[in-house]
Amino acid sequence: MPAVAARGSRRRTINEINMVPFIDVMLVLLIIFMVTAPLITTGVIDLPTVGKAKQRPDHVIEVVVVGDEALKMRLDGKDTDPVTLKTLAARVRQAQAGDANTPVVISADKAVKYESVVKVMDTLQRAGVQRVGLSVKSGGG
């Protein structure tokens with residue numbers, strides 16, 4: 001029986017993790033982040049504003065997106081025949097009459113899908129039209 005008593009009197013190992021060094025490291029990291037966070041500079045982006053837009057040029061080609069697939073063209077404020085997406089690039093080139101600096105403005109209602117406006121813009125840019133822009137309502141409200 002003495003052999004059994006010797007087995008029970010052995011020293012047991014401690015299975016607990018000491019948390020004090022872990023907490024010390026976390027507090028040091030917290031202090032480092034608190035000190036360096038105000039020193040980080042944020043990137044400043046200078047976005048264009050609508051109010052600073054220049055005066056509208058004399059000769060403007062306006063593409064009006066009426067529905068999801070319906071398009072109209074206006075030359076200097078005068079309506080022309082309806083246009084399809086396939087014939088849009090050729091009609092714009094014809095209206096520019098060789099002057100690549102003639103601006104093309106795309107107008108659309110709020111209810112028109114964004115995808116339709118992007119399709120028109122993509123068609124014009126693939127055709128090599130240089131100055132393509134979007135019409136916006138100036139002023140608040």
Side-chain angles (χ1 to χ4, degrees), residues 1 3-141:
M1 275 264 198
V4 174
R7 218 184 283 180
S9 66
R10 281 190 186 167
R11 197 169 177 196
R12 294 188 179 217
T13 59
I14 300 174
N15 292 335
E16 297 177 15
I17 296 174
N18 191 1
M19 295 296 290
V20 175
F22 177 71
I23 294 171
D24 290 343
V25 169
M26 287 296 126
L27 288 175
V28 168
L29 288 175
L30 178 66
I31 291 170
I32 290 172
F33 285 126
M34 287 174 57
V35 170
T36 58
L39 301 177
I40 298 173
T41 58
T42 58
V44 178
I45 300 172
D46 187 20
L47 295 174
T49 59
V50 177
K52 295 181 182 178
K54 293 181 182 177
Q55 192 174 7
R56 188 175 180 150
D58 295 332
H59 186 60
V60 176
I61 301 168
E62 186 175 4
V63 178
V64 182
V65 183
V66 181
D68 289 336
E69 297 295 327
L71 302 172
K72 283 192 222 174
M73 248 178 74
R74 284 189 192 142
L75 294 174
D76 301 325
K78 298 173 189 165
D79 285 336
T80 62
D81 297 330
V83 184
T84 63
L85 194 60
K86 292 179 182 177
T87 61
L88 177 66
R91 292 281 304 272
V92 167
R93 285 280 191 200
Q94 181 184 8
Q96 282 182 331
D99 185 15
N101 286 334
T102 303
V104 179
V105 178
I106 301 171
S107 300
D109 191 60
K110 287 182 184 178
V112 174
K113 289 183 183 178
Y114 181 69
E115 180 183 6
S116 300
V117 176
V118 170
K119 279 182 185 177
V120 170
M121 188 177 261
D122 184 50
T123 302
L124 291 172
Q125 287 180 342
R126 285 179 190 254
V129 178
Q130 297 295 322
R131 297 178 63 189
V132 178
L134 295 174
S135 176
V136 293
K137 186 186 290 186
S138 60

* I would like to know whether K113 and V65 meet side-chain contact (heavy atoms from CB on, under 4.5 Å); could you show each step before the answer? => CA-CA 10 Å; K113 289 183 183 178; V65 183; over 6 Å; no

* To do: Would you name the heavy atoms of R93 and V129 that are closest together and state the gap between them?
  => NH2-N, 3.9 Å

* To do: Please examine the side chains of V104 and Q96, heavy atoms only from C-beta on, and report whether any two atoms are closer than 4.5 Å.
  => yes

* For R74, all residues meeting salt bridge (Lys or Arg N to Asp or Glu O under 4.0 Å), sequence neighbours excluded -> E62, D79

* Neighbour count above 12 (heavy atom, 6.0 Å) for L27 CG -> yes

* **Approximate separation, where rounding is to 0.5 Å, of I106 CD1 and S116 OG** => 11.5 Å

* Quick one: which residue pairs count as a salt bridge (charged side-chain N to carboxylate O under 4.0 Å, His left out) with a foot in residues 120-130, not counting sequence neighbours? => D122-R126

* **Interatomic distance, K86 atom NZ to L71 atom CG [nearest 0.5 angstrom]** => 13.0 Å

* To do: Go through the structure and list residues passing side chain to side chain contact (heavy atoms under 4.5 Å, CB included) with F22, not counting sequence neighbours.
  => M19, M26

* Option passing side-chain contact (heavy atoms from CB on, under 4.5 Å) with V63 (candidates V132, L88, V83) -> L88

* Asked: Shortest non-hydrogen contact from V112 to A108?
  -> CB-CB, 4.3 Å

* Structure fact -> CG of L124 to CG of L85, rounded to nearest 0.5 Å, is 8.5 Å

